[in-house]
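Working notes, structure below.
Letters A, B, ... mirror the listed sequences (proteins, then strands); counts begin at 1. Values reported hereafter were calculated over all heavy atoms of this structure, with side chains retained and with hydrogens, waters and symmetry mates removed.
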Amino acid sequence: MSPGLRSTPLEARHVAEGATLGEFAGWRMPIRFAGVVAEHRAVRDDVGVFDVSHLGVVEVTGPDALGVIAESFTNDPDGVVDGASQYTLCCDPDGGVVDDLLVYRVDAGRWLAIPNAANTAAVLGVLTASAADRRAEVRDRSFDTALLAVQGPRSLEVLDDVLEGLTGRDHVASAIGFLHLTELEVAGAPAVVARTGYTGEPGAELILAPDVAGEVWDAVRGAGAAACGLGARDTLRMEVGFPLHGHELTRQVTPYEGGVGWAVKLDRPAFRGRDALVEAKERGPRRVIRGLLPVGRRPVREGMRVTADGDEVGVVTSGTVSPTLNRPIALARLAPRIEPGATVQVDVRGRSEDAEVVRPPFLRRDPRGTPPAEEDSRDRR
Amino acid sequence: MADDDIPQQLRYTARHEWVRDDGEVITIGITSFAQDELGDVVYVDLPPTGTQVRADEPFGEVESTKSVSDLYAPVTGEIVERNEDLDDRPELVNADPYGEGWMVRIRPADRTELDALLDADGYRAELGG
């Protein structure tokens with residue numbers, strides 16, 4: 001691993017547990033503990049905990065905080081109430097996706113943005129520039145916070161127990177509405193608990209002071225949560241069709257080409273990338289994100305070429321073997337004319353493998369923990 | 001790593017394959033170290049019986065949830081059997097790398113090539129331990 005990598009506050013614990021650590025966006029992160037498949041199943045069937053302290057935490061405060069968020073990102077933050085979150089995008093002036101991220105409105109004068117680790121600096125730059133001529137302050141808190149994601153059908157029950165033990169308050173996690181958050185003190189330090197996640201399962205993400213994160217991690221583990229690494233985080237998000245920046249989303253594609261055009265609200269005043277996005281929407285996407293179900297058992301991987309009757313029609317953006325479905329699955333950026341139901345060919349190291357084009361997700365899960373409502377399936381993360 | 005993860009009676013390659021000399025044929029798999037490094041094995045690509053393989057050249061692939069690695073032939077010869085069980089249960093490579101997780105049987109063209117393989121101590125030294 002390269003020198004100069006950042007460590008999360010929990011690294012010593014991960015090493016003691018025998019985790020495989022790997023380099024990820026400038027951080028040394030746990031990639032797997034017991035094994036990707038076992039961790040994946042724990043989250044689908046029971047409960048697992050991830051150290052996601054590499055994610056950025058950027059705080060925007062002040063009377064014009066809303067204006068900074070509104071100008072920097074593509075979604076409309078106007079309707080976001082205190083204690084709610086919103087999935088949004090940071091785009092370049094040319095419409096390319098700089099990052100996809102969640103913003104939390106703690107209150108009118110205080111927002112938190114949670115960018116991907118690799119894009120934290122870029123998002124911070126955009127917010128800082130926007131705040132320069134406003135009554136707002138932008139502060140990078142990425143290195144003085146720890147983030148834990150507790151996910152799975154039993155996650156809220158486990159978190160309620162753990163937080164009751166640490167705060168004396170009961171039903172803390174289960175009382176929070178889906179995609180909402182609450183602030184509280186954990187072991188004497190301020191913390192945020194948000195009913196969000198990246199697995200398709202019910203769960204919460206916790207923003208904690210670094211020196212209390214270990215105590216929370218131990219308590220959640222002690223309550224039966226499996227320690228999970230970034231490997232399982234990736235297979236879990238692929239099954240439910242969530243995009244990952246650097247794969248489905250990049251600076252070279254517009255939101256419409258990355259399957260997240262719904263997070264762009266053009267009917268509002270100028271924001272970064274708006275003019276280009278108006279054009280991009282009129283023009284229509286040159287590529288769209290689709291799912292691929294390879295016919296055979298051979299996995300297809302990121303970067304592999306996709307053809308249809310000999311014509312190049314796109315590229316695989318993510319691929320794995322789904323632990324739940326026990327078959328290969330992949331996401332691909334394809335020409336829009338390739339409709340779900342079509343059969344395409346993937347070039348797997350010189351061998352042509354047939355795959356069926358489908359509309360993601362591969363697996364329908366309900367992160368609310370209640371019976372699914374079809375029309376809400378795009379409420380993600 | 002525990003010593004019993006490198007069985008004394010087997011031979012090894014520096015590419016983390018093990019070789020068992022069964023007399024007329026040899027049996028090949030990947031070592032416990034290799035399966036642990038790979039993580040969960042989700043697909044094993046093995047050639048059909050009758051395939052001619054050459055020493056130190058790839059003859060198959062083993063894939064984990066995240067990555068793919070080539071399998072290299074330890075000697076020149078002919079594939080006389082492939083482990084069909086791995087088609088449906090690739091996880092046997094993790095569960096039992098020296099047993100049910102075996103991969104192919106090869107009839108060596110020149111048995112003296114076996115002499116060049118590492119013994120258990122040599123392989124342990126290769127792993128730095």
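Partners of A:D45 by salt bridge (charged side-chain N to carboxylate O under 4.0 Å, His left out), not counting sequence neighbours: none found.
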Which side chain or backbone donor-acceptor pairs connect chain A with chain B at less than 3.5 Å?
| from | atom 1 | to | atom 2 | distance (Å) |
| --- | --- | --- | --- | --- |
| A:R32 | NH1 | B:D36 | O | 3.2 |
| A:R32 | NH2 | B:D36 | O | 2.5 |
| A:R32 | NH2 | B:E37 | O | 3.0 |
| A:V36 | N | B:D40 | OD2 | 2.9 |
| A:V37 | N | B:D40 | OD2 | 2.6 |
| A:D234 | OD2 | B:K66 | NZ | 3.2 |
| A:R297 | NE | B:D87 | O | 3.1 |
| A:R298 | NH1 | B:E61 | OE1 | 3.1 |
| A:R298 | NH2 | B:D45 | OD1 | 2.9 |
| A:R298 | NH2 | B:D45 | OD2 | 3.2 |
| A:R301 | NE | B:E63 | OE1 | 3.1 |
| A:R301 | NH1 | B:T65 | O | 2.9 |
| A:R301 | NH2 | B:E63 | OE1 | 2.8 |
| A:R301 | NH2 | B:S64 | O | 2.6 |
| A:T320 | OG1 | B:T65 | O | 3.0 |
| A:R349 | NE | B:E61 | OE2 | 2.8 |
| A:R349 | NH2 | B:E61 | OE1 | 2.8 |
| A:R349 | NH2 | B:E63 | OE2 | 2.9 |
| A:R351 | NH2 | B:D45 | OD2 | 2.6 |

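In this structure, A:R6 places its CZ atom where only 12 or fewer heavy-atom neighbours from other residues, nucleotides or ligands lie under 6.0 Å away.
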